[in-house]
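Okay, structure first, notes after.
Below, read A as the first sequence line, B as the second, and so on, with proteins coming before strands; counting in each chain starts at 1. Keep in mind it's a predicted model, so treat the numbers as computed, not measured.
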Protein chains: 2
Amino acid sequence: MADVAGQLAGISLFSGLLPAQYEALSRIGVKRSFLKGERIFSEGDEGTGFYVVCGGRVKIFKISTEGKEQILHLCGPGESFGEVSVFTGQGFPADAVAALPSTVLFFPRVAFSSLIRQDPALALNMMAQLSERLRQFAGLIEDLSLKEVPGRLAKYLLYLGGREGNGTVDLDVSKGQLAALLGTIPETLSRILAKLNRRGLIRSRGAQIRILDRRGLEEIALEGKRLP
Amino acid sequence: MADVAGQLAGISLFSGLLPAQYEALSRIGVKRSFLKGERIFSEGDEGTGFYVVCGGRVKIFKISTEGKEQILHLCGPGESFGEVSVFTGQGFPADAVAALPSTVLFFPRVAFSSLIRQDPALALNMMAQLSERLRQFAGLIEDLSLKEVPGRLAKYLLYLGGREGNGTVDLDVSKGQLAALLGTIPETLSRILAKLNRRGLIRSRGAQIRILDRRGLEEIALEGKRLP
DNA sequence: ACATCCCTTTGACTGATGTCAAAGTCCTTT
DNA sequence: AAAGGACTTTGACATCAGTCAAAGGGATGT
């Protein structure tokens, strides 16, 4: 269990807690592993607890009746998911699948919620986490309704490019998945990438994309319109 | 101030608290009034606290560079908004305007957050509130990306119709605002309403809409597609 | 090396929705 | 009652993006 406690330190949800509290958390946290593509929970499943990603990547998404998927979030190490059902008492509001081979920590609802009751710091961290997610969702809603696909793609590329420093972006998901993240389909994504290539804004080869004209991309991301 | 304390009882965010806690809340809550159309805060403004609606209606929305607006939420009495900035410490993530003449309670960030630190029950309520909002946003994201406008409209009409019991819906916002809520524009909304009328699914006159064929609407809401 | 499978790309087409413009309707104000 | 203005509706049009279908490319395992 000391193993678990060690991992907790790097998780923002648990930052600033005392050693005794890590101890308490590690007692209730259960480690689980999932193969790539394995389902962690489905929309509507009873929410018996929430998860924190230790390694790998977990995809949180919604599926339409026709089968199209919209990715709500891709959770990497240190990020949590499924917290909503801890507090609303309803089922999970979306599906979760391991996008890569992943290990996660599961915290049962009842045990965790009694922990929160005793520890204001943990509660505040949790609220910050929920708030941050809420902010991200507000941004996603804005993008989906106010920007067209090229704008959303440009914004996402800039986001990825910003983290790397240099202008090269490595997609850590397939292009089909990237399309689902942007709220579109692979064909449309492919066409738009081709257009951006033709204009010299980017150079894409496979899962590698180099940003050639950051300013041009920013323009598209802001206006969110028209690639004539 | 006893006036304020009385109002707190009806707010889900504060349900189940002890009288002493209502007392504490009423000490830090400040009542503010806004005229119809008056701005409460703008996106990016420093988040100095959050609000609870006492009376009226507050519109939370995002604006694109071209001026189109997407409504994130219409807050009625008892609902809170602006909580996100209390915990993230960043600016407000959206704009807020009074859609009707409104009175709200303002809770300053610092005072409220120290209150939370002392009171686990308040913290849990707050988390439930944030979680519920998160769930709603997930639904909105799903609708925006997986359904077309007729599907979103049908779903919203059924939602409104469900509350009233009988099949008559009274829009409490203009059709232009309804369009913004559905992520579209007045012209498109108008056309779709006309289509639904022609097919006998609804009968709309001004701001009154009667649902004639609930099952038909449900079909459109689920499939979210095609009005041939 | 080969075959197979899956992902990606391209093309032709359709349909839904935003844009622009103008006419119509309703409500408020004078 | 009349006038003004805002909201709503309708029409013509442009365009973006989804659908369907097929070809191309790359990786994996035999």
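- Regarding A/L146, its CG atom lies at a distance of 17 Å from the P atom of D/dC16, rounded to whole Å.
- One finds a salt bridge joining B/R39 and B/D95 here, because a Lys/Arg side-chain nitrogen approaches an Asp/Glu carboxylate oxygen to under 4.0 Å.
- Computed from coordinates, the B/Q177 CD to D/dC7 P distance equals 9 Å when rounded to whole Å.
- The distance from atom CG of B/L178 to atom C1' of D/dC7 is 14 Å, rounded to the nearest whole Å.
- Where A/K68 and B/G206 each meet DNA chain D at their nearest nucleotide, the meeting point lying more 5' is that of B/G206.
- Protein atom CD1 of B/I192 is 8 Å distant from nucleotide atom C1' of C/dT17, rounded to whole Å.
- Candidate nucleotides C/dT19, C/dT17, D/dT9 were compared by shortest atom distance to the side chain of B/P186, and D/dT9 ranks first.
- With C/dC7, D/dC7, C/dT17 as the candidates, the nucleotide lying closest to the side chain of B/P150 is C/dT17.
- Nearest to the side chain of A/T184, among C/dT19, D/dG18, D/dA21, sits D/dG18.
- Under the ring-ring contact (aromatic ring centres under 6.0 Å, His included) test applied with A/F106, the options A/F50, A/Y51, A/F34, A/F41 reduce to a single match, A/Y51.
- In this structure, A/L189 places its CG atom 7 Å from P of C/dT9, rounding to the nearest Å.
- Taking atom CD of A/Q70 as the reference point, atom C1' of D/dG18 lies 15 Å away to the nearest angstrom.
- Closest to the side chain of A/I185, from the set C/dT17, C/dT10, D/dG18, is D/dG18.
- In this structure, B/K175 reaches the D/dT9 phosphate: one of its side-chain N or O atoms is under 4.0 Å from OP1 or OP2.
- Computed from coordinates, the A/K147 NZ to C/dT17 P distance equals 22 Å when rounded to whole Å.
- Residue side chain B/R191 reaches the base of C/dT19 through a donor-acceptor N/O pair under 3.5 Å, judged by distance alone.
- Residue B/T188 has its side chain nearest to C/dT17 when only D/dT19, C/dT17, D/dA17 are considered.
- Salt bridge annotation for A/E69-A/K59: present, with a cationic side-chain nitrogen under 4.0 angstrom from a carboxylate oxygen.
- Around atom CD of A/E38, more than 12 heavy atoms belonging to other residues, nucleotides or ligands sit under 6.0 Å away.
- Distances from the side chain of B/E187 to the nucleotides D/dG18, C/dT9, C/dA21 place C/dA21 closest.
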- Can you list the steps and then say if B/V53 with B/T103 is a side-chain contact (heavy atoms from CB on, under 4.5 Å)? CA-CA 6 Å; B/V53 179; B/T103 61; over 6 Å; no
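- Rounded to whole Å, the distance from CD1 on A/I209 to P on C/dT8 is 11 Å.
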